[in-house]
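Below: one structure, written as structure tokens.
Note: hydrogens, waters and symmetry copies are ignored here, and every other heavy atom, side chains too, is used. Given the structure is predicted, the values throughout are model-derived calculations rather than measurements.
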Amino acid sequence: MKLLTWNVNSVRAREARLLAVLERHKPDVACLQELKALEEQFPAEAVKAAGYHAAVNGQKTWNGVAILSREPPEDVRRGLGDGAPDPQARLVSARVAGARVICAYVPNGEEVGSEKWAYKLEWLARLRRALERDFAKGEPLVLAGDLNVAPDDKDVAKPEDWAGTVLCHEDARKALARVAAWGLADVVRKHHPEGGLYTWWDYRMLAFPKGNGLRIDHVLATAPLADRSRAASVDRDERKGEKPSDHAPVIAEFDL
DNA sequence: ATGGTTGCTTAGCAA
């Protein structure tokens with residue numbers, strides 16, 4: 001099973017690139033974040049023509065997530081499912097390819113100390129509780145998406161530029177570690193323990209040409225599934241050329 | 001401290 005996760009930064013602006021990515025990698029499952037579109041604005045016809053079903057949790061203007069799959073997704077769930085008011089469409093999950101797949105777009109947090117920062121930390125705590133509440137520990141489960149945290153300084157090309165920011169702050173790292181401590185392994189780390197792989201480069205300040213990247217997009221999996229992962233990579237070339245997303249796709253392959 | 005860029009929506013917000 002090949003799984004791809006990608007923050008597209010507007011699915012409408014990125015439609016042609018999305019179709020090219022699907023054609024190039026031929027994933028069995030694709031988790032998309034930052035659709036910036038309502039479900040009815042999602043290019044379902046083009047995606048269907050490419051051979052994929054889509055489970056969409058959309059929203060006007062911001063956020064929005066989707067799971068694409070070769071086989072029809074089963075038991076689609078939208079949101080954190082904790083009954084709290086949740087106007088931001090940041091999570092969708094489904095049973096696909098023999099596993100529970102959760103596609104998440106964790107809040108960025110804007111600035112340490114801001115309201116959005118508090119929301120980010122709370123959202124990660126809610127995600128941990130959702131795992132405990134809604135998902136059986138024994139079932140194969142993948143949590144993939146833009147988790148907006150670089151877990152370690154080796155996931156940051158220029159740690160001195162990002163120290164203490166919302167992507168690297170120890171409280172964000174701890175909150176993500178609490179999610180993983182439910183029973184999830186970092187599949188990309190497993191295959192690249194040395195670090196130095198990045199998935200996001202700011203549009204500003206020539207971050208990509210300067211190599212100022214961070215690894216904030218992740219594929220986490222329960223241990224038996226992570227044990228069966230045989231490769232993981234970042235499609236860094238997708239960040240090049242005309243009108244790229246600011247994120248590159250992450251790809252993980254499992255023996256399933 | 002500010003700046004720099006992109007996308008949605010059309011001036012300002014979010015990342």
Side-chain angles (χ1 to χ4, degrees), chain A residues 5-21 31-44 46-47 56-66 85-91 103-124 127 144-151 155-169 171-173 175-176 198-218 234-250:
Chain A
T5 181
W6 187 25
N7 178 322
V8 293
N9 185 20
S10 169
V11 72
R12 288 173 288 170
R14 224 65 62 200
E15 181 176 335
R17 275 188 179 259
L18 171 60
L19 297 173
V21 162
C31 296
L32 308 178
Q33 303 87 39
E34 271 208 271
L35 304 179
K36 294 186 171 177
L38 293 160
E39 181 164 1
E40 56 263 40
Q41 297 172 313
F42 185 86
V47 163
V56 178
N57 184 11
Q59 180 184 334
K60 181 180 161 68
T61 310
W62 291 306
N63 307 314
V65 287
D86 198 9
Q88 302 192 16
R90 295 182 174 276
L91 190 141
C103 171
Y105 174 44
V106 172
N108 170 280
E110 190 188 31
E111 191 174 0
V112 172
S114 68
E115 278 184 31
K116 288 178 190 151
W117 170 245
Y119 178 69
K120 175 181 195 169
L121 298 180
E122 178 57 22
W123 201 92
L124 283 163
L127 176 56
D146 177 1
L147 305 187
N148 260 320
V149 179
D155 303 309
V156 186
K158 302 177 190 294
E160 64 280 7
D161 282 10
W162 298 92
T165 66
V166 291
L167 302 179
C168 297
H169 193 282
D171 289 350
R173 286 175 170 171
L176 180 59
Y198 312 115
T199 67
W200 174 79
W201 297 261
D202 201 316
Y203 282 130
R204 299 166 289 184
M205 301 294 287
L206 300 171
F208 186 66
K210 288 179 177 174
N212 193 353
L214 297 87
R215 189 172 71 98
I216 60 175
D217 301 85
H218 301 286
V234 177
D235 182 5
R236 189 176 169 281
D237 287 344
E238 177 54 37
R239 184 62 176 77
K240 300 175 181 174
E242 291 289 306
K243 293 236 166 211
S245 169
D246 45 353
H247 295 252
V250 179

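- Atom CD in A/Glu242 sits about 15 Å away from atom P in B/dT5, given to the nearest Å.
- Put simply, A/Arg14 has no side-chain N or O that comes within less than 4.0 Å of OP1 or OP2 on B/dT6.
- We find that CG of A/Asp246 is positioned 18 Å from P of B/dG4, with the value rounded to whole Å.
- We find that NE2 of A/His247 is positioned 12 Å from C1' of B/dT6, with the value rounded to whole Å.
- Atoms CD (A/Glu111) and C1' (B/dA14) sit 13 Å apart, rounded to a whole Å.
- Distance NZ (A/Lys210) to P (B/dT5): 11 Å, rounded to an integer number of Å.
- Side-chain atoms of A/Met205 lie closest to B/dG3 of the nucleotides B/dG3, B/dT6, B/dA15.
- Residue A/Arg239 is classed as having no contact, given no heavy-atom separation below 4.0 Å to the nucleic acid.
- The shortest distance between the side-chain N/O atoms of A/Arg90 and the OP1/OP2 oxygens of B/dA15 is below 4.0 Å.
- Minimum atom distance to the side chain of A/Trp62 is reached by B/dG7, of the listed B/dT9, B/dG7, B/dT5.
- What separates OH of A/Tyr119 from P of B/dA14 is a distance of 13 Å, to the nearest Å.
- B/dA11 and B/dT6 are spaced 15 Å apart, taking the C1' atom of each and rounding to whole Å.
- Remark: P of B/dA14 and CG of A/Leu35 are 18 Å apart, rounded to the nearest angstrom.
- A/Trp117 has its CH2 atom 14 Å from the P atom of B/dA15, to the nearest Å.
- The closest side-chain donor-acceptor pair between A/Lys120 and A/Asn108, if any, does not fall under 3.5 angstrom.
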side-chain contact (heavy atoms from CB on, under 4.5 Å) between A/Val21 and A/Trp6, intermediate numbers included: CA-CA 10 Å; A/Val21 162; A/Trp6 187 25; 3.7 Å; yes
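- Of the P atoms belonging to B/dT2 and B/dC13, the separation is 16 Å, rounded to the nearest Å.
- Each of A/Arg12 and A/Asn108 lies near DNA chain B, and the nucleotide nearest A/Arg12 is the one positioned closer to the 5' end.
- Remark: A/Lys243 is not in phosphate contact with B/dT6, judged by side-chain N or O atoms under 4.0 Å from OP1 or OP2.
- Nearest-nucleotide mapping onto DNA chain B: of A/Trp200 and A/Lys36, the residue sitting toward the 5' end is A/Lys36.
- Residue A/Gln59 holds its CD atom at 11.0 Å from CD of A/Gln41, rounded to the nearest 0.5 Å.
- The separation of B/dT9 from B/dA14, taken at their C1' atoms, amounts to 13 Å, rounded to a whole angstrom.
- Side-chain contact between A/Asp146 and A/His218: absent, with no pair of heavy atoms (C-beta onward) separated by less than 4.5 Å.
- Using a 4.5 Å heavy-atom threshold, the side chains of A/Gln33 and A/Cys103 count as touching.
- The aromatic rings of A/Phe208 and A/Trp201 sit perpendicular, their planes meeting at an angle over 60°, well past the 30° parallel limit.
- One P atom belongs to B/dA1, the other to B/dG12, and the distance between them is 25 Å to the nearest Å.
- At the heavy-atom level, A/Tyr105 lies under 4.0 Å from the strands shown only through sugar-phosphate atoms.
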